[in-house]
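All remarks here apply to the structure that follows.
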Amino acid sequence: MAANRSANADRRARIEEMRRAEQARERRNRLITIGVSGIVVLGLVGFGTFVLMKKSDEQDKKEAAAKAPITAEKTWDAKKLGRNHVETAVKYDMKPPVGGDHHPVWMNCDGVVYKQAISEVNAVHSLEHGAVWVTYNKQAAAGDVKKLEEKVGKTKYTLMSPVDDQAGSIMLSAWGKQVTVDNASDPRIDAFFTKYVQGPQTPEPGAACTGGLDK
């Protein structure tokens, strides 16, 4: 009888010990889960903060670039640039032209790369809509032309074409604005895009860059 009571007591003690061990294991698992979850949350918060800060920095850089002057940029008085729609030839005072009277139909400029020369009177209409026109002559290196084609191809309100008789090897034009660069790595290219693609110089912001001529 005493032996049975002792055996039962031992069994209960073992069961109790196993229960306590299981409870302790569950507590450890909960703490581990909470700890891991906390680390994950902190990581996500930290990553989110990093992304937001990076976007904020990029935006700040864009705003700074949009305000900063561009070295050796040429500017024409927008008020003196004609904006009449004409269907006759127009003699422009600069090459490529940066504004003036122009054809009623624009060149498509939704990131379009033209391999052949295009009509100036139609391209000027694109500038009126806020496009940046990238041009080059035969002095431009093939690698630079390719790099610029890639940039234009992924940027709305831009177009690109050869202009063999322009003074500079690579030139960028917007309405009333123009800059000449020697290669596609010149930082003024990004600055010009940032500042003048649908920039404050645009006479007709938001006007279409599709639905016009494509050659």
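These numbers were taken from a predicted model, which means no experiment stands behind them.
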Discussion item. I want to check a possible cation-pi pair here: K177 against F192, using under 6.0 Å from ring centre and within 45° of the ring axis as the test.
Written reply: no
Worksheet, complete the sentence: Correct closest heavy-atom pair for M94 and P96 would be CG-O, 3.3 Å
Fill in: Atom pair CG/CG of N108 and L213 - distance to nearest 0.5 Å
7.0 Å
Worksheet item: Where the side chain of N137 meets the backbone of P162, is there a donor-acceptor pair that is under 3.5 Å apart?
Response: no
Practice prompt. Answer with yes or no whether the hydrophobic clustering places Y114 together with V105; edges join I, L, V, M, F, W, Y residues whose side-chain heavy atoms lie under 4.5 Å apart.
Written response: yes
Practice prompt. Taking the side chain as every heavy atom from C-beta outward, state whether I170 and L148 have any atom pair closer than 4.5 Å.
Written response: yes
Practice prompt. Look at the rings of H125 and W106 and say which category their plane angle falls in: under 30° parallel, 30 to 60° tilted, over 60° perpendicular.
Written response: perpendicular
Worksheet item: To the nearest 0.5 Å, what is the distance between CD (Q139) and CG (D182)?
Response: 11.0 Å
Worksheet entry | Any side-chain heavy-atom pair of H129 and T202 under 4.5 Å | no
Worksheet item: So do the side chains of H103 and V86 get within less than 4.5 Å of each other, counting heavy atoms only?
Response: no
Worksheet item: NZ of K195 to CZ of R188: how many Å apart, nearest 0.5 Å?
Response: 13.0 Å
Worksheet item: If every non-hydrogen atom of P97 is compared with every non-hydrogen atom of V124, which pair is closest and at what distance?
Response: CG-CG2, 3.5 Å
Practice prompt. Go through V163 and I118 one step at a time and tell me if the side-chain contact (heavy atoms from CB on, under 4.5 Å) criterion holds.
Written response: CA-CA 8 Å; V163 176; I118 59 177; over 6 Å; no
Worksheet entry | Joint hydrophobic cluster, V179 plus L81, side-chain heavy atoms closer than 4.5 Å | no
Practice prompt. Could you tell me whether D77 and K79 make a salt bridge, using a distance below 4.0 angstrom between a side-chain N and a carboxylate O?
Written response: no
Fill in: Candidate pair H102 and V90, rule side-chain contact (heavy atoms from CB on, under 4.5 Å), full reasoning
CA-CA 7 Å; H102 50 271; V90 178; over 6 Å; no
Worksheet item: Are K91 and E120 ion-paired here, with the side-chain N under 4.0 Å from a carboxylate O?
Response: no
Practice prompt. Would you sort out whether Q166 and T180 count as a side-chain contact (heavy atoms from CB on, under 4.5 Å), showing the intermediate values?
Written response: CA-CA 10 Å; Q166 68 180 26; T180 300; over 6 Å; no
Worksheet item: Same cluster for V132 and V98 if Ile/Leu/Val/Met/Phe/Trp/Tyr side chains link at under 4.5 Å?
Response: no
Item to complete: Hey, could you give me the NE2/CD distance between H85 and E87, rounded to the nearest 0.5 Å?
Response: 10.5 Å
Worksheet item: Looking at K146 and E150, does any basic side-chain N land under 4.0 Å from a carboxylate oxygen?
Response: yes
Worksheet item: Any side-chain heavy-atom pair from L172 and I189 closer than 4.5 angstrom?
Response: yes
Practice prompt. Please indicate whether K156 has more than 12 foreign heavy atoms, meaning atoms of other residues, nucleotides or ligands, lying under 6.0 Å from its NZ.
Written response: no
Worksheet item: Linking Ile, Leu, Val, Met, Phe, Trp and Tyr by side-chain heavy atoms under 4.5 Å, what else ends up with M171?
Response: none
Worksheet, complete the sentence: Per side-chain contact (heavy atoms from CB on, under 4.5 Å), M107 is matched among L159, V121, L127 by L159
Practice prompt. Say whether V197 and V113 are linked into one hydrophobic cluster, either directly or through other cluster members, by side-chain heavy-atom distances under 4.5 angstrom.
Written response: yes
Worksheet item: side-chain contact (heavy atoms from CB on, under 4.5 Å) between K115 and S161: does it pass, once the steps are laid out?
Response: CA-CA 6 Å; K115 298 293 188 177; S161 70; over 6 Å; no
Worksheet item: Just by distance, with hydrogens left out, do Y196 and E73 show a side-chain donor and acceptor under 3.5 Å apart?
Response: yes
Worksheet item: Could D101 and R83 be called an ion pair, given the rule that one side-chain N must be under 4.0 Å from one carboxylate O?
Response: no
Practice prompt. Could you check if a side-chain atom of F193 sits within less than 4.5 angstrom of a side-chain atom of T155, using non-hydrogen atoms only?
Written response: yes
Worksheet item: Looking just at side-chain N and O atoms, do W133 and T158 make a donor-acceptor pair shorter than 3.5 Å?
Response: no
Item to complete: Evaluate the side-chain proximity of D110 to Y157: yes if any heavy-atom separation is below 4.5 Å, no if none is.
Response: no
Worksheet item: Looking only at heavy atoms, what is the nearest atom pair of A140 and S169, with distance?
Response: CB-O, 3.7 Å
Item to complete: Please answer whether the main-chain N or O of A184 pairs with a side-chain N or O of D144 as donor and acceptor at a distance below 3.5 Å.
Response: yes
